[in-house]
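Reading through the structure tokens given below for one structure.
Heavy atoms only: backbone and side chains are in, while hydrogens, waters and symmetry mates are out. The structure presented is a predicted model; accordingly, all values stated were derived computationally and were not measured.
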Amino acid sequence: MTAISSTADQDLVSPPLVGRPDVNKKRLARLGWAFSAPALIVIAGVTIFPIVYSVIMSLNNVTVTGSGFSLDGFTFSNYNLLIHSSLWRDALFFTLYYTLVTVVVELILGTAIALVLERLAAGRGWMMALLLIPWSMITVINAELWAYIYNGTYGVADYILGALGMGHPVILGTPTSAIIGLMIADIWKTTPFVAIIVLAGLVMLPGDVFEAAEVDGSSSWQTFWRITLPLLRPTIALAIIFRVLQAFGLFDLPYVMTGGGPGTATQSLAILAYNALFKNLAFGPGAAVATSTALLVLLACLASLRVFRVQVGQEGN
């Protein structure tokens with residue numbers, strides 16, 4: 001019995017056998033690529049190829065013929081034309097100014113709304129549903145809605161301004177008021193999107209950190225600046241990147257509400273590229289506008305990541 005029990009004890013404490021490497025790993029990887037190939041081909045056809053071809057067009061003299069257009073040689077003349085074009089500089093300044101103001105305001109309002117929602121014990125679902133209504137609205141419909149609001153004859157804004165003794169200004173008829181009107185429409189629509197992103201980051205923050213801050217006597221304002229905001233850096237960076245991508249590609253809102261006017265006051269880079277490509281058939285300069293806009297968006301996103309220093313494992317540093 002002693003020999004048998006000692007043998008059993010040795011079997012129980014013996015080290016487990018080391019499993020063999022997965023011999024099917026490479027086969028599964030090839031199978032995954034095979035299943036993904038159709039989707040990757042479609043993405044390459046509808047996304048990557050147009051981008052690459054747009055860059056090629058921007059670096060060539062494009063000649064329009066009766067059967068289409070042809071590329072007549074490598075050149076930087078399209079970009080040289082942009083640099084010396086007042087239309088491009090004005091569109092760039094408007095797009096940068098519009099992006100900066102709307103993103104900052106939406107980030108502040110969205111963060112404030114998210115903080116309120118995070119503290120709601122009941123009714124949070126209903127409030128989130130109401131918030132999503134403006135964001136889920138198609139931008140063209142949103143533009144038409146605000147165009148009715150700003151209408152000088154039967155618009156609500158005109159009635160309110162008249163009741164306040166501010167007269168009856170043509171809101172979309174002067175450059176400054178038209179820009180402000182576009183910003184208000186964009187902020188109304190997109191602030192809920194930022195609020196939902198920030199709220200998702202808030203609910204994922206560790207609660208023990210805030211409990212420790214409360215025990216240490218930290219006020220709500222100190223807790224927000226020293227704990228909440230630093231921990232939210234990755235979430236805020238994500239929201240900024242999404243909003244910069246959307247705001248820099250501004251097209252449908254001013255195109256519907258103002259047509260880029262009055263004059264060229266609300267003409268964004270996207271509208272300038274559209275006019276060059278499809279109205280003036282200037283394919284080379286239009287492609288240069290689109291390519292330069294994409295490069296500026298990329299630089300803006302990289303700058304956002306650099307500023308917020310989004311690194312895995314260092315969110316609270």
What are the two closest non-hydrogen atoms of [X] and [Y], and how far apart are they?
X: Y255; Y: I271; value: N-CD1, 3.9 Å
X: M257; Y: A147; value: CE-N, 4.3 Å
X: G45; Y: P50; value: O-CD, 3.5 Å
X: A265; Y: P175; value: CB-CB, 3.7 Å
X: A273; Y: G286; value: CB-O, 4.0 Å
X: T102; Y: A247; value: OG1-CB, 4.3 Å

Query raised in the report: So does R89 have more than 12 non-hydrogen atoms from other groups sitting under 6.0 Å from CZ?
Result: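 Enclosed.
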For the [atom1] atom of [X] and the [atom2] atom of [Y], what is their distance to the nearest 0.5 Å?
X: T95; Y: L100; atom1: OG1; atom2: CG; value: 12.5 Å
X: M183; Y: T99; atom1: CE; atom2: OG1; value: 8.5 Å
X: I171; Y: L182; atom1: CD1; atom2: CG; value: 11.0 Å
X: I113; Y: E106; atom1: CD1; atom2: CD; value: 10.5 Å
X: L205; Y: I227; atom1: CG; atom2: CD1; value: 10.0 Å
X: S54; Y: L277; atom1: OG; atom2: CG; value: 7.5 Å

Do [X] and [Y] sit in one hydrophobic cluster, given that two such residues count as connected whenever their side-chain heavy atoms are within less than 4.5 Å of each other, even indirectly?
X: L109; Y: L253; value: yes
X: I236; Y: L115; value: yes
X: F49; Y: V52; value: yes
X: L295; Y: I48; value: no
X: I180; Y: L161; value: yes

Checking [X] side chain against [Y] main chain: does a donor-acceptor pair fall under 3.5 Å?
X: N60; Y: G284; value: no
X: S58; Y: V55; value: yes
X: S292; Y: V289; value: yes

Does [X] reach the side chain of [Y], with side-chain heavy atoms less than 4.5 Å apart?
X: Q267; Y: N275; result: yes
X: I179; Y: V101; result: no
X: T174; Y: P169; result: no
X: Y148; Y: Y154; result: yes
X: F94; Y: L250; result: yes
X: L92; Y: L296; result: yes
X: I197; Y: T235; result: yes
X: M128; Y: L199; result: yes

Query - From CA spacing to verdict: side-chain contact (heavy atoms from CB on, under 4.5 Å), F242, V194 - result: CA-CA 9 Å; F242 273 115; V194 178; over 6 Å; no
Query raised in the report: What do the steps show when you test Y79 against T291 for side-chain contact (heavy atoms from CB on, under 4.5 Å), and what is the final call?
Result: CA-CA 10 Å; Y79 291 97; T291 302; 3.3 Å; yes
**Report entry** side-chain contact (heavy atoms from CB on, under 4.5 Å) assessment of T153 paired with D158
**Finding:** CA-CA 7 Å; T153 303; D158 180 77; over 6 Å; no
Report task. Specify whether F74 and F76 have parallel, tilted or perpendicular ring planes, treating 30° as the upper limit for parallel and 60° as the lower limit for perpendicular. Result ->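 Answer is perpendicular, since the angle exceeds 60°.
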Would you give me the side-chain donor-acceptor pairs under 3.5 Å for residues 130-145, sequence neighbours excluded?
unit_1: S136; atom_1: OG; unit_2: L132; atom_2: O; d: 2.8
unit_1: S136; atom_1: OG; unit_2: I133; atom_2: O; d: 3.0
unit_1: N142; atom_1: OD1; unit_2: W146; atom_2: NE1; d: 3.2

Query - Full working for side-chain contact (heavy atoms from CB on, under 4.5 Å) between T266 and L172 - result: CA-CA 10 Å; T266 59; L172 299 180; over 6 Å; no
